[in-house]
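Since this is a predicted model, take the numbers as computed values, not measurements. Every chain is numbered from 1, with letters handed out A, B, ... down the list of sequences.
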Amino acid sequence: MSREYETVIGLEVHVELATKTKIFCGCSTAFGGAPNTHTCPVCTGMPGSLPVLNRQVVEYAMAVGLAANCSINRYCRFDRKNYFYPDNPQNYQISQLYLPVCRDGSVEIETPAGKKTVGIHEIHMEEDAGKLIHDEWGDCSLVDYNRSGVPLIEIVSEPDMRSAEEVIAYLEKLRMMIQYLGASDCKLNEGSMRADVNLSVRRAGEEAFGTRTEMKNLNSFKAIARAIENEKNRQIDLLEEGKKVIQETRRWDDVKEYSYAMRSKEDAQDYRYFPEPDLVPLEISEEWIEAVKSRQPEFQPEKMQRYKKEYGLPDYDAQILTGSKYLADFFEAVTELCKKPKKVSNWLMGETMRLLKEQEMEPEDISFSPENLAKLIELTEEGSINGTVAKEVFEQIFAKDVDPVSYVEEQGLKTVNDAGELRNIILQVIKDNPRSVADYQNGKEKAIGFLVGQTMKAMKGKANPGMVNQILRELL
Amino acid sequence: MYIREQEEQTLQEVEKKQDKNIISDETIEYVGILAKLELSGEEREQAKKDMKEMLDYIDKLNELDTAGIDPMSHIFPVNNVFREDVVSNGDDRENLLKNAPETKDGSYLVPKTVE
Ligand SMILES: [Zn+2]
């Protein structure tokens, strides 16, 4: 049934910028402070207070815009968006409606069907709202304005996406770009990146768009995918039943896996925008744009080429490592210390990625130091520990950032390279396993594997397997 | 004959213009919702009258030919006023909270608000 329909999706992505201070006042943007300790008369909307624009916000917005192939509006301005809600102490949000800072851009995404371009309608600057905490016991809510006035950019795409996969590819692309710029850490689970999904359906082949809804409260890629699937089906069901889709804002509940309409008719969405009188307009000069351009970092495609050339990494390694700015930085830091790029790459792409995935973490959540991974690689390279022990030690590094040199020492994990000691243990193994010995001597090559295993077990994994193999063959 | 017709037309237009600004009950109700105001019957009638007068006054400005003139949003010819990204405010919570009618645990206390 749903095959007859096409899903049309556009995204509004809010990104909290990595400035030290808020957009219009000198309050800190640090995350996690005690309630209302990062506030002042401006960001709590006290009468008579006046906003002054943070230059860095404009720079970040321009940098993101340039990376997304936008044109920069040489003349731009802020507007007031009026609405009443306790998280918004001024009763208006300072945003940009008429003359946003960036317009008409595009990003390229990879889809199973090949490359696809998603248009960027505009990028504008605005301030974030405070946080409401609902009192479980009383009939009241508590308001914390630490987040009020934290700078945001809103990236508005064209309705160019057709599936959840495309939406996620687009978001991943944006996130990577913005992380490369250092403009935000883009953490969906902490709300520094938030995506609202505008979705409509239409019969395949139809030109006109259907009525769209806007979905909010999507805190992970998985929630986004689930919400898109759910909303698409809800709209198709309505149309199939001969009903109409109502244009509305809906809130996604990821636990119950359903959405509900957020605002009643009583709270009509009429924001009565008008030019913000407390802020003067911006005139962005050609020189300023050029200066921001000249500071743009090396983005993923260039970095990938450099990794292949400079470090001799295979295509696959270079692509995975540069897929995350954090992973790439980490790779470079470890390589700088131990000068073994391929080994570093193996540890990051293998064990590190495995543990990250297992614990549902992102590369930016890596908490161990490059030094300790570099030391572990050196220990392995000089033959002080074998591969199995190295993996064990790495789990400790990953979890607790232990110093592998002292950890190996303390736990007595050093590979026994003393042939005499090994020989004694192997003699014992041979004595204890006459059947396998006989099997081997009768030409069953596989039996030696069992004997190596028994020796490793007796040595608690600390033996050098190559050496064990060699001595065994000598003795048999 | 021709001139009279034209005069009549202008007169009609003037009347239409005045009618245009009559505030309906629905409009005043809607504005009340947006402004979060509850008005008594008397206050409503007064507000309708006041708003009509304001709109009539604004219409005067529309009589000017403004074609080719950029809308002005600020009266001063000043652009690009910035601050640098440096933390300059400390923790002034106690003082700020004094402005709130009710507080709890370092936060502003408001009637329960859930989306
Ligand atoms: Zn402030």
Side-chain angles (χ1 to χ4, degrees), chain A residues 19-22 24-29 33-42 44 46 52-58 75 77 82 84-87 89 130 132-135 138-145 216-217 251 262-263 266-268 270 272 274-277 279-284, chain B residues 23-39 51 54-55 58 61 66 69-115:
Chain A
T19 53
K20 295 180 193 73
T21 63
K22 294 186 178 181
F24 300 124
C25 61
C27 290
S28 166
T29 53
N36 295 298
T37 50
H38 303 155
T39 62
C40 74
V42 173
T44 53
M46 294 295 167
V52 187
L53 180 59
N54 182 342
R55 181 198 299 271
Q56 187 60 44
V57 173
V58 188
Y75 182 81
R77 196 180 69 189
N82 297 280
F84 291 100
Y85 208 72
D87 64 5
L132 280 171
I133 300 132
H134 304 297
D135 194 327
D139 206 22
C140 55
S141 300
L142 300 172
V143 199
D144 173 8
Y145 289 124
K216 285 186 182 289
N217 194 39
R251 189 179 168 87
M262 267 171 73
R263 288 187 179 92
E266 278 293 281
D267 308 283
D270 184 339
R272 294 149 292 146
F274 63 85
E276 169 57 57
L279 287 164
V280 297
L282 290 174
E283 235 179 64
I284 298 172
Chain B
I23 308 292
S24 69
D25 285 329
E26 290 80 57
T27 303
I28 202 76
E29 169 88 30
Y30 180 64
V31 173
I33 289 169
L34 288 177
K36 300 259 185 285
L37 287 176
E38 265 178 58
L39 301 176
M51 279 175 69
M54 280 182 244
L55 292 175
I58 297 293
L61 296 176
T66 54
I69 299 175
D70 279 337
M72 182 187 71
S73 54
H74 294 83
I75 50 168
F76 301 116
V78 180
N79 290 322
N80 297 6
V81 176
F82 299 115
R83 8 174 302 274
E84 295 307 313
D85 187 24
V86 177
V87 177
S88 56
N89 294 337
D91 173 10
D92 199 17
R93 178 168 84 175
E94 290 321 305
N95 271 325
L96 286 160
L97 283 175
K98 281 180 195 160
N99 295 292
E102 273 188 279
T103 65
K104 190 183 172 186
D105 304 334
S107 287
Y108 299 80
L109 198 63
V110 298
K112 190 161 197 158
T113 320
V114 219
E115 279 181 313

Could you tell me the separation between the OG1 atom of A/Thr44 and the CZ atom of B/Arg93, rounded to the nearest 0.5 Å? 13.5 Å
Do you know the tightest heavy-atom contact between B/Gly106 and A/Asn36? O-ND2, 2.8 Å
Taken to the nearest 0.5 Å, the spacing of B/Glu84 CD from A/Thr19 OG1 works out to 12.5 Å
Winner by heavy-atom pair count (cut-off under 4.5 Å) against chain B, out of A/Pro89, A/Gly33, A/Pro277: A/Pro277
When only pairs under 4.5 Å are counted, which of B/Asn95, B/Asn99, B/Leu96 shares the most heavy-atom pairs with chain A? B/Leu96
Heavy-atom contact with chain B under 4.5 Å, split by part of A/Tyr145: side chain
Are the side chains of B/Thr113 and A/Leu132 in touch, meaning some heavy atoms are under 4.5 Å apart? yes
Does any heavy atom of chain A fall under 4.5 Å from the side chain of B/Asn80, the backbone, both, or neither of them? both
With the side chain counted from C-beta on, respond yes when A/Val280 and B/Phe76 share a heavy-atom pair under 4.5 Å apart, and no when they do not. no
B/Ala35 versus chain A, heavy atoms under 4.5 Å apart: side chain, backbone, both or neither? backbone
Is it the side chain or the backbone of A/Val58 that comes within 4.5 Å of chain B heavy atoms, both, or neither? side chain
To the nearest 0.5 Å, what is the distance between NE2 on B/His74 and CG on A/Leu279? 7.0 Å
What pair of heavy atoms forms the shortest contact from B/Asp105 to A/Pro35, and how long is it? O-CG, 4.4 Å
Is it the case that the side chains of A/Glu283 and B/Asn79 hold a donor-acceptor pair, with the cut-off being a distance below 3.5 Å and no angle test? yes
Side-chain heavy-atom pair A/Leu282, B/Phe82 within 4.5 angstrom cut-off: yes
Rounded to the nearest 0.5 Å, what's the gap from OG1 on A/Thr39 to CG on B/Asp91? Could you check? 7.0 Å
Taking every non-hydrogen pair under 4.5 Å, which of A/Met46, A/Arg55, A/Gln56 racks up the most with chain B? A/Arg55
Validation row: B/Asn89, A/Lys22 side chains within 4.5 angstrom (heavy atoms): no
Give a yes or no answer on whether the side chain of B/Arg83 reaches the backbone of A/Cys25 with a donor-acceptor pair at less than 3.5 Å. yes
Checking heavy atoms, do the side chain of B/Val81, its backbone, both or neither come under 4.5 Å from chain A? both
With heavy-atom distances below 4.5 Å as the criterion, would you say the side chains of A/His38 and B/Val87 are in contact? no
With a 4.5 Å cut-off on side-chain heavy atoms, are A/Asp139 and B/Pro111 touching? no
